[in-house]
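Chain A is the first sequence line, chain B the second, and so forth, proteins listed ahead of strands; every chain is numbered from 1.
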Amino acid sequence: MSFPLNPAQAEAVRRTDAPMLVLAGAGSGKTRVIAAKIARLVAGGTDPAKIVAITFTNKAAREMRERAQGLLRAQGREDAASAVRIATFHALGLAIVRAEAKRLGLRPGFSVLDPQDLETVVAELAATADRSRARKAQWAISAWKNALVPPAQALALARDDDERAAAKAYAGYADALSAYQAVDFDDLIRLPVELLERDPAARGRWQERCEHVLVDEYQDTNPAQYRLFRALVGERGRFTAVGDDDQAIYGWRGATLDNLARLPDDYPGLVVVKLEQNYRSTTRILASANALIANNAKLHDKRLWSDRGHGDAIRVVAARDEEQEAEIVASAISAHRFEHRGRWSDYAVLYRGNHQSRAFEAAMRAQSIPYEVSGGQSWFERAEIKDLIAYLRLIANESDDPAFLRAVGVPRRGVGQTTLAKLSEAAAAGGTSLAAAVRDRAFSSAAQPRAHSELVAFVTLVEDLRRRAAKEPAGRLIDELLREIGYEDHVVATCDKREAEAKLQSVADFTGWLARKGETDRRNLFDLAQMIALVTMLEGRDGEGADAVRLSTLHAAKGLEFPHVHLVGLEEGILPHRESIEAGTIDEERRLMYVGVTRAERSLSLSFCRTRSRAGLRVDCQPSRFIGELAQDDLRWAGQPLPPDEAAREKAAGAERLKALKAALARR
DNA sequence: TAGAGATTAGTTTTT
DNA sequence: CTAATCTCTA
């Protein structure tokens with residue numbers, strides 16, 4: 001895109017002296033505007049180190065960095081590109097917590113724990129073995145943290161027994177984190193807010209470094225993020241908030257459109273610019289998107305238009321079940337690509353929930369179509385990588401008991417449940433961490449001399465690596481760690497050949513990544529251990545280079561665009577999701593659909609299933625109400641009704657399965 | 001203590 | 001129907 005900025009875009013870029021809200025419709029070139037504005041600020045004499053651009057995802061941050069880099073290079077300020085701080089909210093929060101660790105009562109090596117690490121902690125505190133209850137409690141605690149509600153006030157806000165249990169666990173949860181010298185994701189926003197709001201000196205320091213703040217996807221900020229933003233921006237209020245209320249899809253995570261609504265009141269000089277020209281989609285796709293979103297109450301009226309021709313009709317396909325749906329979509333993609341001599345990466349399949357990818361992965365494999373699943377498990381989340389990360393965290397932070405418990409069991413070293421239970425007891429009695437209890441000989445087990453000496457060896461190894469971590473390159477330390485614990489032998493011994501190869505490969509990728517990061521960003525092992533938790537979604541699967549069909553959730557697809565989009569599983573209960581129907585938050589589901597529709601550049605296909613198997617049983621489905629809300633004249637129905645004999649057979653098979661299940665239940 | 005088999009519960013979205 | 005836990009034995 002080298003043509004000039006349109007008048008609205010130019011206006012958004014030009015005004016750098018006032019607080020600004022840019023209402024950027026889908027596909028209206030907002031990344032371009034932000035990058036151009038960064039370049040403009042630099043050209044206008046703003047110190048690049050005092051420009052802060054905040055995104056929600058690592059991917060968005062990287063994309064923005066690349067765009068800004070390109071522009072800065074063109075104006076001969078390549079040096080400025082690396083000085084500008086472009087980060088996610090959480091990465092920025094981490095930077096603040098790191099810099100201010102002492103004032104926040106944290107040691108420099110504190111750990112960042114992801115929700116997975118904390119699930120067991122919450123389960124223990126909530127005194128339940130029931131996973132779904134534990135996760136509910138964890139969920140509630142996270143919601144309170146995002147609303148900046150301290151433990152003492154949570155109980156008053158709890159509305160049911162589950163939430164009351166969570167409120168009781170909340171204080172213990174906070175204590176556990178501080179005992180571990182650890183923070184969770186929510187703390188990365190919450191702690192900076194608390195510090196900046198109570199400590200004028202710290203506030204001044206950070207405001208000094210935030211001469212201009214740009215926020216991407218502003219509509220998805222939650223109350224804590226808004227307060228962090230306000231604290232950084234200060235009275236001066238030099239910022240550019242870019243957002244689109246029609247694309248707010250993170251209400252379930254505490255995001256609130258209040259932040260958008262109140263901006264004119266909080267900053268009376270606010271300049272509002274609307275970007276209404278869409279550079280992405282055909283007018284037919286846009287007409288349907290507009291018709292759909294017209295069903296929502298609107299904060300700001302926008303009229304999206306495009307000059308990209310009206311394009312093909314939107315296809316709607318009714319499939320028998322999810323397998324047939326996947327097969328139809330895969331065949332369609334294959335045929336279309338052949339006919340148009342396109343690339344696989346021109347196609348995307350978008351769905352509501354991660355589990356829906358299964359059928360499509362199977363169909364893609366069956367038809368030898370290369371595909372890439374986004375949002376799914378990146379190598380950071382694989383068990384073997386999490387094992388290594390546990391070692392890193394423990395090396396960086398002796399108090400990280402969850403990391404201790406994970407690392408001590410990999411590879412098996414003759415230390416089992418019984419020994420660890422005794423160790424926990426000793427540590428609790430002495431008020432120390434598990435590692436410290438071993439080191440300080442607070443714990444001894446005459447009955448299990450072998451287990452005990454293994455524990456000591458384990459802790460000694462970790463301490464040795466910790467001593468060296470500040471000076472030596474991270475890559476070398478990891479290699480040594482792997483050798484010391486005999487990791488390769490362990491993998492070979494515990495898995496079959498194929499599996500072992502895959503694991504060793506991903507471990508090699510991981511150590512290679514660490515070594516690279518260590519060199520290019522001059523990160524030592526302590527720094528790396530802290531940032532890893534935030535990077536889980538990024539980097540691992542980076543589809544950019546690969547020519548593959550993209551399978552993605554609607555949430556993960558936001559900000560992306562594809563020539564050809566297949567929106568699948570459009571059924572009542574899925575999109576809109578059942579829970580949203582019950583909670584009465586259909587408009588957010590509609591925005592999710594809107595996001596999906598507006599990802600498409602040239603063609604859009606919609607599909608739904610007449611039946612779907614759930615927990616082994618076949619259930620009937622209704623097409624999503626959202627299909628009926630699109631521009632009906634632009635839809636072309638391609639689904640054939642289910643042949644009667646097949647319908648009957650399906651029904652019989654379903655009844656048979658139900659009977660078998662009931663019989664099995666009766667037997668018990 | 002550790003691995004292999006049985007049993008059981010479950011389906012939203014993510015930094 | 002899967003993917004996790006949980007239980008049992010070597």
Might you list the N or O atoms of the protein lying below 3.5 Å from N or O atoms in nucleotides 3-9 of chain C, with each pair's distance?
unit_1, atom_1, unit_2, atom_2, d
C:dA3, OP1, A:Arg358, NH1, 3.2

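No salt bridge links A:Asp246 with A:Arg591; every basic N to acidic carboxylate O contact stays at or beyond 4.0 Å. At a threshold of 4.0 Å, the pair A:Asp321-A:Arg610 does not count as salt-bridged, since none of the basic side-chain nitrogens sits closer than that to a carboxylate oxygen.
Rounded to an integer number of Å, the gap from CZ of A:Arg578 to P of B:dT13 is 14 Å. One can place CG of A:Asn146 at 10 Å from C1' of B:dT15, the figure rounded to the nearest angstrom. As a whole-Å value, the separation of A:Asp321 CG from C:dC1 C1' is 14 Å. Rounded to a whole Å, the CG atom of A:Asp220 is 11 Å from the C1' atom of B:dT13. Rounded to whole angstrom, the span from the CD atom of A:Gln116 across to the C1' atom of B:dT15 amounts to 14 Å. One interatomic measurement links the two molecules: CH2 of A:Trp139 to P of B:dT11, which rounds to 14 Å at whole-angstrom precision. Taking atom CE of A:Met593 as the reference point, atom P of B:dT12 lies 20 Å away to the nearest angstrom. Separating the NE2 atom of A:His577 from the C1' atom of B:dT13 is a distance of 9 Å, rounded to the nearest angstrom.
Between A:Trp144 and A:Tyr170, the ring planes are parallel. Angles under 30° get that label, and only those over 60° would be called perpendicular. Using a 30° and 60° split on the angle between ring planes, A:Trp252 and A:Trp139 fall in the parallel class, below 30°.
In this structure a side-chain-to-backbone donor-acceptor pair under 3.5 Å is missing from A:Glu325 to A:Val568. When atom types are taken as modelled, the side chain of A:Glu589 and the backbone of A:Thr585 share no donor-acceptor pair closer than 3.5 angstrom. At least one donor-acceptor pair under 3.5 Å links the side chain of A:Ser624 to the backbone N or O of A:Leu575.
The phosphate of B:dT12 (OP1 or OP2) has no side-chain N or O of A:Thr553 nearer than 4.0 angstrom. OP1 or OP2 of B:dT14 has at least one side-chain nitrogen or oxygen of A:Asn354 nearer than 4.0 Å.
With sequence neighbours excluded, the residues forming a side-chain hydrogen bond (donor to acceptor under 3.5 Å, both in side chains) with A:Glu361 are A:Ser357, A:Tyr371, listed by chain and number.
Distance noted for atom C1' between B:dT12 and C:dT5: 23 Å (whole Å).
Only A:Tyr250, A:Trp252, A:Arg253, listed by number, bring a heavy atom of residues 246-255 of chain A to less than 4.0 angstrom from any atom of DNA chain B.
Counting heavy atoms from C-beta outward, A:Val121 and A:Gln138 have side chains that stay 4.5 Å or more apart.
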